[in-house]
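Only one structure is covered here, and it is reproduced in the block below.
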Amino acid sequence: MNNIIILPIIIPLIAGLMMVIFRKKVYIQRSIALLAILATGLVAVLLAIEVKAEGIQVLQAGGWAAPYGISLVADMFAIILLIITAFVSLSCLFYAFYTIGRIREKNFFYPLFLFMISGVNGSFLTGDIFNLFVFFELMLISSYALITLGGEKRQLRESIKYILINVMSSFFFLVAVAYLYAVTGTLNMAHLSARVAEAGQDGLMTTVAILLLMVFSLKAGLVLFYWLPGSYSVPPTAVAAIFAALLTKVGIYAIFRMFTLIFYHQPEITHLLIGIMGAATMLLGAIGAVSKWDINGILTYNVVISVGLIMAGLAAFTTGSITGSVFYLVHDINVKALIFLIGGTVIYLTGTSKLKEISGLIRTHPFLGWMFFTAALALAGIPPFSGFLGKVLITKGTFEAGDYWLGAIGLISSLLVLYSIMKIFMNVFWGETNLSEDMEKGTTKGIIVPIALLTAVTVFLGLGGEIISPYIQIAAEGLMNPDLYRNAVLGE
């Protein structure tokens, strides 16, 4: 057993509880939050080294062997997501120091932020499907508070929709878990995998799989994304960025885990359905993005498009396509945080999100403009930036699997992504300057640092992809070979 596996969960959780004591001491809260995220990232890096050297690491809580106890499992897929989560969280936290405001800081912003990160990390590490539900709820309850923090009218309006949708999906999650336990007699993921492999994935089991797919699709914004554009456009920029970067990705992670470890026996049903849903998501998201003429609308619909593209790699279900999806998932977490922080900064400076009311910002903020341009190219998958390799592997995988229609839709959606994002660049940064620095409603002092860090990682993932490629390959091979996960957890 490896006891440090639990640290990415309990470090932010304990730090968040500690900060409640220092409600009025903002600088102490900032310091504790910063140290907690840094420590979580360090532990994740150490785990990555161990997993690469020794294989999947497992912690059986209380010494109770699986499937009777609670298992925490650190495979390379989970660890990669832990590392990028820590980095993006650190960037958004640093951005929040300058922009979130003292009122929110004194009303538990930092504890809620850390509780949410604890829920995200727990979702990645848990080896038990009921505890996946528990960590989902920890993440969601924190996000409910964060989306309403500040009490603005539009926040409260959108939060009702956000909360109702997630409460409904949580109810269906419990129903699916109950059916799964009734049929298999276990909730340990590795044990579920073994039981389903032994008994076969019959009609009832496939129905439960589709119910779980619906639940996680609601949380990931896969087809069922009506709630997402409004909900992600109302919180403060730092919160919106972390939501866009992480919350939908936890739903994506859960779909990948379920349909590579447990429900992979009837891909002609389950994975075809995922492919159809992914294609519909890409097309509907692209239509939404190109039709909008405000920054928030375009960016939130681009969150939706990437969900569909990542799912296309799972639908193809080849080693190459899964590798592309994992790589693109890492890229997307980083670039979504980046593009939301830049978009929020533009709104912060100008006081508006309407494209036709902004022009020529590149003259007063050249670094901001060219970093947005870099992010736009990465988001569209233009070489040599980070989105290119993932999209190539996903598209190649869909073609190899014979899903030419799915690969074609992915390519079309990429063109529409480029059009929608460049629409922001051409309207906001290009043209005649209509706002002098004296007229701006804010400053980029301090907040340019986390944006620059995220931009640097975007460039690194594109130009230095071969450095992280071995880790991505290990993650993809683990997803395509569920025996590795089962043997590590069950000790077979």
Nearest heavy-atom approach of Leu192 to Thr186 is CD2-O, 3.5 Å
Report the C-alpha distance between Leu82 and Thr40 in whole Å, list the side-chain angles of each, state the deciding distance to 0.1 Å, and finish with yes or no for side-chain contact (heavy atoms from CB on, under 4.5 Å).
CA-CA 8 Å; Leu82 285 179; Thr40 301; 5.8 Å; no
Please examine the side chains of Leu180 and Leu212, heavy atoms only from C-beta on, and report whether any two atoms are closer than 4.5 Å.
yes
From CA spacing to verdict: side-chain contact (heavy atoms from CB on, under 4.5 Å), Leu174, Phe130:
CA-CA 8 Å; Leu174 280 179; Phe130 182 77; 4.1 Å; yes
For residues 297-311, which residue pairs qualify under side-chain hydrogen bond (donor to acceptor under 3.5 Å, both in side chains), counting only residues two or more places apart or in two chains?
Asn302-Ser420, Ser306-Asp332, Ser306-Lys336
I need the Thr237 OG1 to Ile242 CD1 distance, nearest 0.5 Å.
13.0 Å
Just so I know, are the side chains of Thr395 and Phe399 near enough to count as touching, which here means a heavy-atom distance under 4.5 Å?
yes
To check you understand the geometry: which heavy-atom pair defines the closest contact between Ala241 and Ala337, and what is its length?
CB-O, 3.9 Å
Spell out, as yes or no, whether a donor-acceptor pair under 3.5 Å connects the side chain of Ser231 to the backbone of Leu228.
no
Sidechain-backbone polar pair: Ser193 side chain, Met189 backbone, donor-acceptor under 3.5 Å:
no
Can any side-chain N or O of Thr148 pair as donor or acceptor with the backbone N or O of Ala145 at less than 3.5 Å?
yes
Counting only heavy atoms not in Tyr226 (residues, nucleotides, ligands), do more than 12 fall under 6.0 Å from its OH?
no
According to salt bridge (charged side-chain N to carboxylate O under 4.0 Å, His left out), who are the partners of Lys52, at least two apart in sequence or on a separate chain?
none
Decide yes or no for Ser325 and Ile394: does some side-chain heavy atom of the first lie under 4.5 Å from some side-chain heavy atom of the second?
yes
Tell me if a side-chain donor or acceptor on Ser118 pairs with a main-chain N or O of Leu114 at a distance below 3.5 Å.
no
Separation of Leu314 CG from Ile274 CD1 (nearest 0.5 Å)
4.5 Å
Heavy-atom nearest pair, Ala315 first then Leu406, reads CB-CD2, 3.9 Å
Contacts table for residues 131-141: side-chain donor-acceptor under 3.5 angstrom, sequence neighbours left out:
residue, atom, partner, partner atom, Å
Asn131, ND2, Asp128, OD1, 3.4
Glu137, OE2, Ser170, OG, 2.6

Step by step, work out the side-chain contact (heavy atoms from CB on, under 4.5 Å) result for Phe87 and Ser91.
CA-CA 6 Å; Phe87 176 72; Ser91 301; 4.0 Å; yes
Name every donor-acceptor pair, under 3.5 Å, that has one atom in a side chain of residues 7-14 and the other anywhere in the protein, sequence neighbours excluded.
none

Return the minimal non-hydrogen interatomic distance between Thr184 and Met205, and the atom names on each side.
CG2-CE, 3.6 Å
For residues 66-81, pull every pair meeting salt bridge (Lys or Arg N to Asp or Glu O under 4.0 Å), keeping only residues two or more places apart or in separate chains.
Asp75-Arg257
Could you check if a side-chain atom of Phe263 sits within less than 4.5 angstrom of a side-chain atom of Ile210, using non-hydrogen atoms only?
no
Nearest heavy-atom approach of Ala244 to Lys249 is O-NZ, 2.9 Å
Spacing of Ile6 atom CD1 and Asn121 atom CG [to the nearest 0.5 Å]
12.0 Å
Donor-acceptor under 3.5 Å (Lys423 side chain, Trp293 main chain):
no
Salt bridge (Lys or Arg N to Asp or Glu O under 4.0 Å) pairs touching residues 161-186, sequence neighbours excluded, are Glu158-Lys161
ring-ring contact (aromatic ring centres under 6.0 Å, His included) involving Tyr264 - partner list, sequence neighbours excluded:
none
Identify, with sequence neighbours excluded, every residue that meets ring-ring contact (aromatic ring centres under 6.0 Å, His included) alongside Tyr162.
Tyr144, Trp227
Measuring from Ile147:CD1 to Phe243:CZ, what's the distance to the nearest 0.5 Å?
5.5 Å
For atom CH2 of Trp405, is the number of surrounding heavy atoms from other residues, nucleotides or ligands below 6.0 Å larger than 12?
yes
Donor-acceptor contact below 3.5 Å, side chain Thr281 vs main chain Val223:
yes
Quick one: does any side-chain atom of Asn334 pair with a main-chain N or O of Leu454 as donor and acceptor, under 3.5 Å?
yes
So with a 6.0 Å cut-off around NZ of Lys396, is the heavy-atom count from everything else above 12?
no
Quick note, ring pair (Phe, Tyr, Trp, His ring centres under 6.0 Å) partners involving residues 307-336, not counting sequence neighbours, are His271-Phe317, Tyr328-His331
How many angstroms lie between CD1 in Ile255 and CE in Met277, if you round to the nearest 0.5 Å?
7.0 Å
Are Gln473 and Val326 side-chain neighbours, meaning at least one heavy-atom pair lies under 4.5 Å?
no
Taking Lys391 for its side chain and Leu379 for its backbone only, find out whether a donor-acceptor pair lies under 3.5 Å.
yes
Using the test ring-ring contact (aromatic ring centres under 6.0 Å, His included), find all partners of Tyr253 that sit at least two apart in sequence or belong to another chain.
Phe77, Phe124
Is any side-chain heavy atom of Ser71 closer than 4.5 Å to a side-chain heavy atom of Asn188?
yes
CG on Leu283 to CD1 on Ile412, rounded to 0.5 Å:
7.0 Å
Shortest non-hydrogen contact between Met282 and Ala312, atoms and distance:
CE-CB, 4.3 Å
Steps toward side-chain contact (heavy atoms from CB on, under 4.5 Å) verdict (Leu299, Ile424):
CA-CA 10 Å; Leu299 296 185; Ile424 296 178; 4.0 Å; yes
Taken in chain and number order and not counting sequence neighbours, the residues that satisfy salt bridge (charged side-chain N to carboxylate O under 4.0 Å, His left out) with Asp483 are Arg486
Please examine the side chains of Leu218 and Asn166, heavy atoms only from C-beta on, and report whether any two atoms are closer than 4.5 Å.
no
Would you call Leu246 and Ser89 a side-chain contact if the rule is heavy atoms closer than 4.5 Å?
yes
Main-chain N/O of Gly122 paired to Thr126 side chain as donor or acceptor, under 3.5 Å:
no
Contacts of Glu50 meeting salt bridge (charged side-chain N to carboxylate O under 4.0 Å, His left out) (sequence neighbours excluded), chain-then-number -> none
Determine yes or no for a side-chain-to-main-chain donor-acceptor pair under 3.5 angstrom, with Ser469 supplying the side chain and Glu466 the backbone.
no
